[in-house]
Number of protein chains: 2
Amino acid sequence: MAHDHGALLDHVKADMPADELLQDLGDLFKVFGDTTRIKIMYALYEDEMCVCAIAELIGMTQSAVSHQLKSLKAANLVASRREGKTIYYRLSDDHVKSIIAQGYEHLTE
Amino acid sequence: MAHDHGALLDHVKADMPADELLQDLGDLFKVFGDTTRIKIMYALYEDEMCVCAIAELIGMTQSAVSHQLKSLKAANLVASRREGKTIYYRLSDDHVKSIIAQGYEHLTE
DNA sequence: TGAACATATGAGCAATCGTTCATATGATAA
DNA sequence: TTATCATATGAACGATTGCTCATATGTTCA
């Protein structure tokens, strides 16, 4: 410790979410913290897209994209539907757009 | 590649931000992607706080907190002021709160 | 059934990350 | 100046991450 902080700590501590939620928040933002995944989310911004289209668009291997889509899906950021051999992914949530938009604003002002 | 995607790729590609911005977005969210840094930002949610108070609050070493504050400052998420020996940190931006709030909403619904 | 296509997945490896430990910097007070 | 307090920083190490490569799964069509 160091100098005295009075009642400040107790007050702030009372307003903090539970540790598990803080962990989940970190894990969620970790998914946003990679350029490849950001590109994938932007690819799906307007409309759904199949895996190989995403791969071609962002210039990455089908395998790499598939691995990242798995992360995104685990975080409930994308959803998918099958149509024959093809699987189409889409953003599952408006939060994706608003989170990215807030980040965008932070950078460009 | 694989099957044909017609004009879809060109259309979506035209709407994508420049690579450098996408990289910056990923780097920004990477800073949110750690529980310790999330805790620090929550600690500063209401008011500024000195380093040792943050360390005591979240139960981490002064050194660890200082390292993370450096990351947060490099991303323009916190700012600081000196008062004698003590240095007070605060959130530098309302985007911090709104980004975390969006993440929170995504998790809790 | 077998071939071709679209996607998923496991292992392995280089790179990045977050903490610890020791030490440096910077400010105050005696 | 010297001692002490508050914070910052560099090196080192274990843990996690994202890609590649090879291969597996699942679907369609002949």
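Computed from heavy atoms alone, side chains included, the values below leave out hydrogens, waters and symmetry copies. Just so it is clear: chains get the letters A, B, ... in the order the sequence lines come, proteins before strands, and each one is counted from 1.
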[X] has an atom [atom1]; how far is it from atom [atom2] of [N], in whole Å?
X: B/Phe29; N: D/dT17; atom1: CZ; atom2: P; result: 18 Å
X: B/Leu72; N: C/dC17; atom1: CG; atom2: P; result: 14 Å
X: A/His67; N: C/dC13; atom1: NE2; atom2: P; result: 16 Å
X: A/Tyr88; N: C/dT7; atom1: OH; atom2: C1'; result: 13 Å
X: B/Ile40; N: D/dT7; atom1: CD1; atom2: P; result: 13 Å
X: A/Ile87; N: C/dA8; atom1: CD1; atom2: P; result: 4 Å
X: B/His5; N: C/dT7; atom1: NE2; atom2: C1'; result: 12 Å
X: B/Lys73; N: D/dA8; atom1: NZ; atom2: C1'; result: 11 Å

> Considering only heavy atoms and no angle criterion, is a donor-acceptor pair shorter than 3.5 Å present between the side chain of A/Gln62 and the base of C/dA8?
Replying inline: yes
Closest listed nucleotide, where the reference is the side chain of [X] and the choices are [options]:
X: A/Thr36; options: D/dT7, C/dT19, D/dC19; answer: D/dC19
X: A/Val51; options: C/dT7, D/dT17, D/dC5; answer: C/dT7
X: A/Cys50; options: C/dT7, C/dG26, D/dA8; answer: C/dT7
X: B/Thr86; options: D/dA6, C/dA8, D/dG18; answer: D/dA6

> Base, sugar-phosphate, or nothing: which does A/Ser63 touch, judged by heavy atoms less than 4.0 Å apart?
Replying inline: base
> Charged N to carboxylate O under 4.0 angstrom, A/Lys30 versus B/Asp34?
Replying inline: no
Has [X] got a side-chain N or O lying under 4.0 Å from the OP1 or OP2 atom of [N]?
X: B/Tyr89; N: D/dA6; result: no
X: A/Arg82; N: C/dT7; result: no
X: B/Lys70; N: D/dA8; result: no
X: A/Gln68; N: D/dC19; result: yes
X: A/Thr61; N: D/dC19; result: no

> If you pin A/Ser71 and B/Ala53 to their nearest nucleotides in DNA chain D, which one's is more 5'?
Replying inline: B/Ala53
>> Regarding A/His106 and B/Asn76, do their side chains bring together a donor and an acceptor under 3.5 Å, going by distance alone?
In response: no
> Cut-off 3.5 Å, side chains only: do B/Ser98 and A/Gln102 have a donor facing an acceptor?
Replying inline: yes
> Considering only heavy atoms from C-beta outward, does the side chain of B/Leu91 approach that of B/Leu77 to under 4.5 Å?
Replying inline: no
>> Count I, L, V, M, F, W, Y as connected when their side-chain heavy atoms are under 4.5 Å apart, and connections chain through other members. Are B/Leu44 and B/Tyr88 then in the same cluster?
In response: no
